*Asks:* 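Structure in structure tokens, see below.
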Amino acid sequence: MANEVVGASQLELIEAALVERFGSAPGPASIARVLADHGARLSHPEILQADARWRGQQLLFTPEELDVSNLEAAIALINKIELLRQKFENDTTMAERLRQTVRQFKSDLDSLARSPRTAQKKRQLTHEVAQWLSVWLQNPQIFAEWLNLRQNTAEFRERYLS
């Protein structure tokens, strides 16, 4: 590329070429490591900033969004999952990444719901959200309608809205 020092803009060009050729690319730090191994001089501050931005973009959910300690937070999480599902409808790689993330989160919730160290009320809500995610994983296209029906049952209203 006829540059003396490789910085963020060169990494972006390389990443774009890798995505075009192979469908995906590693992060800027990984690309920079390969370049350095082949003798390229790196602009370390630019590479660190580019890698930090890239890592932030890779997260589908923040830790705060994964909080299901109350019904409002749980519903906000479900809404975000649905928005991401719709956003990734034409991107099979990201759609699968979302499914894997939801599957792992559901597994974590199942473990939390079974734990005797979890307070009873939180255990109930955690179990409820894990059930929601089970339905979402099985059939995301009907999930929103199913959740609406679930939230209108007498059991749900009595348990969570009274």
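Model, not experiment: these values are computed from the prediction.
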*Asks:* Between the side chains of Glu128 and Gln124, is a donor N or O closer than 3.5 angstrom to an acceptor N or O?
*Replies:*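 Judged by distance alone, the side chains do not pair up.
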
*Asks:* Can you name the residues that form a ring pair (Phe, Tyr, Trp, His ring centres under 6.0 Å) with Phe156, not counting sequence neighbours?
*Replies:*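 Here the qualifying residues are Tyr160.
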
*Asks:* Look at the side chain of Ser115 and the backbone N and O of Ser111, then say whether any donor-acceptor pair between them is shorter than 3.5 Å.
*Replies:*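 Not confirmed, Ser115 side chain does not pair with Ser111 backbone.
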
*Asks:* Taking it one step at a time, do Leu98 and Phe61 satisfy side-chain contact (heavy atoms from CB on, under 4.5 Å)?
*Replies:* CA-CA 10 Å; Leu98 176 61; Phe61 304 97; 3.9 Å; yes

*Asks:* Please report the closest heavy-atom contact between Lys80 and Leu60, naming both atoms and the distance.
*Replies:*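 Scanning both residues, the minimum pair turns out to be NZ-O, 3.0 Å.
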
*Asks:* Which pair of non-hydrogen atoms, one from Ala8 and one from Glu46, has the smallest distance, and what is that distance?
*Replies:*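 What the structure gives for the nearest pair is N-OE1, 2.8 Å.
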
*Asks:* To the nearest 0.5 Å, what is the distance between CD on Gln131 and CG on Asp110?
*Replies:*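 Spacing of CD (Gln131) from CG (Asp110) equals 9.0 Å.
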
*Asks:* Determine, using the 4.5 Å side-chain heavy-atom cutoff (strictly less than), whether Val5 and Val34 are members of one ILVMFWY cluster.
*Replies:*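 Val5 does not cluster with Val34.
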
*Asks:* For a 4.5 angstrom cut-off between non-hydrogen side-chain atoms, does Gln104 reach Asp108?
*Replies:*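 They are in contact (side-chain heavy atoms under 4.5 Å apart), so the answer is yes.
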
*Asks:* Above 12 or not: heavy atoms from other molecules or residues under 6.0 Å from CD of Gln86?
*Replies:*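 For Gln86, atom CD is crowded (more than 12 foreign heavy atoms under 6.0 Å).
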
*Asks:* Under a single-linkage definition using a 4.5 Å side-chain heavy-atom cutoff for Ile, Leu, Val, Met, Phe, Trp and Tyr, are Val102 and Leu59 assigned to the same hydrophobic cluster?
*Replies:*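 No, because Val102 and Leu59 fall into different hydrophobic clusters, even though each may have its own neighbours under 4.5 Å.
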
*Asks:* Can you confirm whether more than 12 heavy atoms, excluding those of Glu20, are under 6.0 Å from its CD atom?
*Replies:*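 Atom CD in Glu20 is not packed in, count stays at 12 or less.
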
*Asks:* More than 12 heavy atoms of other residues, nucleotides or ligands under 6.0 Å from CD of Gln141: yes or no?
*Replies:*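 More than 12 within 6.0 Å, yes.
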
*Asks:* Return the OG to CG distance between Ser43 and Leu48, rounded to the nearest 0.5 Å.
*Replies:*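 Between Ser43 OG and Leu48 CG, I get 9.0 Å after rounding to 0.5 Å.
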
*Asks:* Quick one: pull up CG in Leu147 and CD in Gln151 and give me the separation to the nearest 0.5 Å.
*Replies:*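 Reported to 0.5 Å precision, the distance equals 4.0 Å.
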
*Asks:* Check the hydrophobic clustering (I, L, V, M, F, W, Y; side-chain heavy atoms under 4.5 Å; chains of links allowed) and say if Leu84 and Ile142 are grouped together.
*Replies:*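 Result: no, two separate clusters.
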
*Asks:* Test of understanding: with side chain to side chain donor-acceptor pair (under 3.5 Å), list the residues that count as partners of Thr92, not counting sequence neighbours.
*Replies:*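 Applying side chain to side chain donor-acceptor pair (under 3.5 Å) to Thr92 gives none.
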
*Asks:* Would you say that Leu77 contacts Phe105 through its side chain, given a criterion of any heavy-atom pair below 4.5 Å between the two side chains?
*Replies:*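 Contact flag for Leu77/Phe105 side chains = yes.
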
*Asks:* Is there a chain of hydrophobic side chains (I, L, V, M, F, W, Y, each step under 4.5 Å between heavy atoms) that links Leu35 to Phe22?
*Replies:*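 Yes, because Leu35 and Phe22 connect within a single hydrophobic cluster, where side-chain heavy atoms sit under 4.5 Å apart.
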
*Asks:* Under 4.5 Å between any side-chain heavy atoms of Glu96 and Phe88, yes or no?
*Replies:*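 Not in contact.
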
*Asks:* Does Thr62 offer a backbone N or O that forms a donor-acceptor pair with the side chain of Glu65 under 3.5 Å?
*Replies:*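 Yes.
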
*Asks:* Give a yes or no on whether Leu161 and Val129 share a hydrophobic cluster (residues Ile, Leu, Val, Met, Phe, Trp, Tyr; joining criterion: side-chain heavy atoms under 4.5 Å apart).
*Replies:*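 Cluster IDs for Leu161 and Val129 match.
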
*Asks:* Nearest 0.5 angstrom please: Arg103 CZ to Thr101 OG1, how far?
*Replies:*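 Taking CZ in Arg103 and OG1 in Thr101, the distance rounds to 10.0 Å.
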
*Asks:* So, for Ile31 and Ile14, which heavy atoms are closest and what is the spacing to 0.1 Å?
*Replies:*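 That would be CG2-CG2, 3.7 Å.
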
*Asks:* With no hydrogens and no angle check, is any side-chain donor or acceptor of Thr118 less than 3.5 Å from a backbone partner on Leu112?
*Replies:*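 Judged by distance alone, yes, a pair lies under 3.5 Å.
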
*Asks:* Would you say Ile81 and Pro140 make side-chain contact, with heavy atoms under 4.5 Å?
*Replies:*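 When only atoms from C-beta onward are counted, Pro140 and Ile81 do not touch, as no gap falls below 4.5 Å.
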
*Asks:* Which residues pass the salt bridge (charged side-chain N to carboxylate O under 4.0 Å, His left out) test with Arg157, not counting sequence neighbours?
*Replies:*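 Arg157 satisfies salt bridge (charged side-chain N to carboxylate O under 4.0 Å, His left out) with no residue once adjacent residues are dropped.
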
*Asks:* Among Leu133, Val135, Asn148, find the one that has a side chain to side chain contact (heavy atoms under 4.5 Å, CB included) with Phe143.
*Replies:*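 Testing each of Leu133, Val135, Asn148 against Phe143, the sole residue satisfying side chain to side chain contact (heavy atoms under 4.5 Å, CB included) is Val135.
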
*Asks:* Look up atom CH2 in Trp132 and atom CD1 in Ile78, then write down how far apart they are to the nearest 0.5 Å.
*Replies:*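 So the gap between those two atoms works out to 6.0 Å.
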
*Asks:* If you look at every heavy atom in Ile47 and Leu42, which pair is closest and at what distance?
*Replies:*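 Minimum heavy-atom separation between Ile47 and Leu42: CD1-CB, 3.4 Å.
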
*Asks:* Determine yes or no for a side-chain-to-main-chain donor-acceptor pair under 3.5 angstrom, with Arg85 supplying the side chain and Ala95 the backbone.
*Replies:*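 Not at all, since once roles are kept as given, no pair shorter than 3.5 Å links the two residues.
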
*Asks:* Which atoms form the tightest heavy-atom contact between Leu109 and Thr126, and what is the distance?
*Replies:*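 Nearest pair, atom of Leu109 first, then Thr126: O-CG2, 3.2 Å.
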
*Asks:* Supply the atom-to-atom distance Glu155 CD to Arg150 CZ, rounded to the nearest 0.5 angstrom.
*Replies:*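 Rounded to the nearest 0.5 Å, the CD-CZ separation comes to 4.5 Å.
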
*Asks:* Determine, step by step, whether Leu11 and Asp51 satisfy the side-chain contact (heavy atoms from CB on, under 4.5 Å) criterion, reporting the C-alpha distance in whole Å, the side-chain angles of both residues, the deciding distance to 0.1 Å, and the verdict.
*Replies:* CA-CA 10 Å; Leu11 290 177; Asp51 195 61; over 6 Å; no

